[in-house]
**Q** 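Dumping the structure here so I can ask a few things about it.
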Amino acid sequence: MHSRKNLKVAQMQQLIDGKTIFVINKDSLENGISYFTVFNNNRQPVCERLFFKYPALQLKVDVKSDRQDYSSRKKVDVDISAADISDSPVISNLSVAVYKIDSLQPVDENNIRNYLLLTSELQGSVESPDYYFQQNNPEVSQATENLMLTHGWRRFRWDDAMQTKSPLFEFAPEYEGHIVTGKVIDKNTGDPVEDVVAFLSVPARNFQLASARSDSRGVLRFDVKNFFGDDGIAVQTADIQDSNYRIDINNPFSEKNSSYRIPEFDYKSNLVNLLRNNSIGTQVRNIYRGDSLQTFFANFPKDSTAFFGKPDQKYLLDDYTRFTTMEEVMREYVANILVKNQSGHFHYKVLNYPYRLFFEDDPLVLFDGVPVSDMNKIIAFDPLKIKKIELMNRKYFLGPYTADGIISYSTYNGDLAGFQFDPNVLILKYDGLQLQREFYSPVYETEEQTASRQPDFRNLLFWLPELNTTKSGKKQVSFFTSDVKGKYVVMVEGITEDGRTGVNTATFTVGN
C-alpha cells in the first residue's frame with residue numbers, strides 16, 4: 001500500500017485453500033487516497049484498488065466581514081483566523097479571493113483541500129469534489145466508495161517500479177532561479193557534442209555570467225539567478241575560435257500541447273446580458289485603469305556587485321584625462337596588465353597578484369558581461385563609451401571554467417554600445433522569470449475619490465495569492481466595493497507547514 005508515492009504498508013502471506021486475509025490498521029494510512037495493490041508470487045500485480053480516508057486533522061479557517069451589506073465604493077474589512085481542531089491558533093499560508101457570484105461564476109468547488117487529497121490523484125474531472133468531504137454521512141460514504149472503485153492503475157507502471165528504474169526528470173528543480181537549457185551541436189554532422197564548456201551572459205549594467213559543460217547528450221544547463229524580464233542573452237563556447245560548434249537555446253516555454261480539448265463556447269440565451277456587462281466592465285477597466293494593471297513587485301534582491309565580487313582594481317575612466325584610443329588607456333591607466341602586440345594581434349597578460357607573476361594564459365575579458373576572445377576588437381573600440389574597467393588579479397573558478405584573471409569593461413548603460421561580437425556569439429531575446437504582478441484595487445478614502453465620475457465595473461474586488469498568519473493565527477484584509485451591485489463571496493483557502501489544509505467562505509451584498 002502506498003500513498004502519494006510513499007510506501008506505507010508491505011505484507012506477504014500464503015494462500016490457504018485459495019484464500020488469505022490482509023489486516024491493515026487505518027491509522028497507518030495517510031489522509032486522502034491510498035493505493036492497494038496485490039501481487040502474485042512472481043511479483044506481478046494482479047489487482048489494485050483505491051481507498052479514501054477522510055482527513056481527521058484539518059485546518060480550521062474562520063472568515064468574517066465587518067458587515068453583511070455595503071453600498072458602492074465602501075471599505076470592507078475582513079477578519080481571518082486559522083486554528084487547529086482544538087481551536088489553538090496556528091501559522092498558515094493562505095490565499096484570498098473576493099468576487100461576485102452569479103450564473104457565470106458560482107462559488108468554485110475546486111480548492112486546495114479537495115485537490116491535494118482527492119482530484120489530483122484521479123484522472124478526469126470529479127463533479128462536486130467537496131461533496132465527498134462530508135463526514136458521518138452513509139450516502140456520501142457509499143458515493144466515495146463507488147468513486148474509488150472506478151479508478152486504479154493510474155500512478156505508474158509497475159514493471160518499471162519492480163525493476164527499480166530511476167525516473168528521468170526532463171526539467172531540473174529550480175530552487176534558486178531560472179535554469180536556461182540548450183544543446184551543443186556539431187555544425188558538420190548535426191550530432192550533439194559532449195564535454196564542451198560554454199558561457200551564457202545577460203548583458204546589463206548589473207550583468208550576469210554563467211558557465212556550463214555539455215553532458216553526454218550535448219545538453220547545457222546554465223544556472224542564472226535572478227534573471228527577470230525579457231532582456232537579451234549572449235551564448236558562446238569557451239573556445240570561441242572553434243567554429244565547428246553551434247549552440248541552440250531551448251524555448252523557456254513548454255512546446256508540448258495539452259491533451260485536454262477545450263469545449264466549444266456555448267451559452268444560454270439568458271446569459272447574453274450578463275456576458276455583455278462583463279465584457280463592458282473589462283473594456284472600461286482597460287481604458288481607464290490600464291496603466292495601473294501593469295504594476296509589478298520588484299521583490300528580488302538587487303545586487304550591483306558583479307559575479308566575481310569586489311574587484312582587486314577598479315578604474316572609473318571619467319576620473320582620468322581621457323585618451324582617444326583603448327591601447328593608450330590600457331597602457332597608461334591600468335596597472336598589472338601587459339598589453340602585447342604579436343604580429344598585429346593584441347593579447348593581455350594579467351599579474352597573478354598573490355604570487356607577483358604574470359599568468360601564462362589569456363584572462364577572461366568581459367564586455368558588459370559578454371566574454372570576448374579577440375582583443376583587437378577591444379583595442380579598436382572607442383574608450384569614450386566605457387564607464388569603468390574592473391580587474392581580478394588572481395585565478396577565478398566559474399563552474400567548469402578556470403580564468404587566469406578577469407578584465408571587465410562596462411559601458412554607461414550596459415547595452416553593449418554597438419560593440420561587434422564574433423559571429424559565433426549567439427545573441428537573442430529570451431524570457432526570464434516574470435515579476436510578480438501587483439493586484440490593483442482602487443481606494444475610496446476621500447469624498448473626492450468616492451464622487452469620481454470614473455466608472456468602476458470590477459467584479460473581482462480583491463485577490464491576494466499569499467497571506468501568512470502570525471502566531472496568533474489572525475490577519476485582516478481590507479478593500480473597497482465597486483459600482484457593480486450583487487452578492488460577493490470571500491474565498492479563503494490555505495495550508496499549514498505540516499500539510500493540514502483548510503477552506504472557508506463568507507458572503508456579503510453590495511446594494512444601493
**Q** Between S72 and T481, does any side-chain donor sit less than 3.5 Å from a side-chain acceptor?
**A**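 No, T481 and S72 have no side-chain donor paired with an acceptor closer than 3.5 Å.
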**Q** Might you point out which heavy atoms bring F296 and R437 nearest each other, and give the distance in Å?
**A**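 Shortest heavy-atom contact: CD2-CA, 3.7 Å.
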**Q** If you compare all heavy atoms of Y488 against all heavy atoms of S482, which two are closest, and at what distance to 0.1 Å?
**A**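 It is OH-OG, 3.7 Å.
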**Q** Near F397 CZ, under 6.0 Å, is it more than 12 heavy atoms from other residues, nucleotides or ligands?
**A**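 Check passes, neighbour count above 12.
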**Q** Tell me whether F439 at atom CZ has more than 12 heavy atoms from other residues, nucleotides or ligands lying less than 6.0 Å away.
**A**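 Atom CZ in F439 is crowded, with more than 12 foreign heavy atoms closer than 6.0 Å.
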**Q** Hey, would you say the F199 and Y401 ring centroids sit under 6.0 Å apart?
**A**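 Under 6.0 Å, so yes.
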**Q** With a cut-off of 6.0 Å (strictly less than), are more than 12 heavy atoms of other residues, nucleotides or ligands near CD of E497?
**A**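 Atom CD in E497 is not crowded, with 12 or fewer foreign heavy atoms closer than 6.0 Å.
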**Q** Please evaluate residues R246 and D248 with respect to the criterion salt bridge (Lys or Arg N to Asp or Glu O under 4.0 Å), reporting the C-alpha separation (whole Å), side-chain torsions for both, the decisive distance (0.1 Å), and the verdict.
**A** CA-CA 7 Å; R246 79 167 192 269; D248 296 338; 3.1 Å; yes
**Q** Return yes when atom CD1 of I16 has more than 12 non-hydrogen atoms of other residues, nucleotides or ligands closer than 6.0 Å, and no otherwise.
**A**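 Counting neighbours around CD1 of I16, 12 or fewer heavy atoms of other residues, nucleotides or ligands fall under 6.0 Å, so no.
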**Q** Could you go through E466 and N93, starting from their C-alpha distance and side-chain angles, then the distance that decides it, and tell me whether this counts as side chain to side chain donor-acceptor pair (under 3.5 Å)?
**A** CA-CA 7 Å; E466 187 170 13; N93 182 271; 3.1 Å; yes
**Q** So F508 and Y70, would you call those rings parallel, tilted or perpendicular, with 30° and 60° as cut-offs?
**A**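 The arrangement is perpendicular - the two ring planes meet at more than 60°.
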**Q** Are the aromatic rings of F133 and F52 close, with centres under 6.0 Å apart?
**A**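 F133 vs F52: aromatic centres under 6.0 Å.
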**Q** Side-chain contact test, heavy atoms from C-beta onward, threshold under 4.5 Å: evaluate it for L220 versus T181 and give yes or no.
**A**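 No, every pair of side-chain atoms sits at 4.5 Å or beyond.
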**Q** Provide the closest heavy-atom pair for G369 versus L209 in the form atom of the first, atom of the second, distance.
**A**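 Nearest pair, atom of G369 first, then L209: O-CD1, 3.8 Å.
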**Q** Quick one: does K64's side chain have a donor or acceptor within less than 3.5 Å of a partner on V78's backbone?
**A**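 No.
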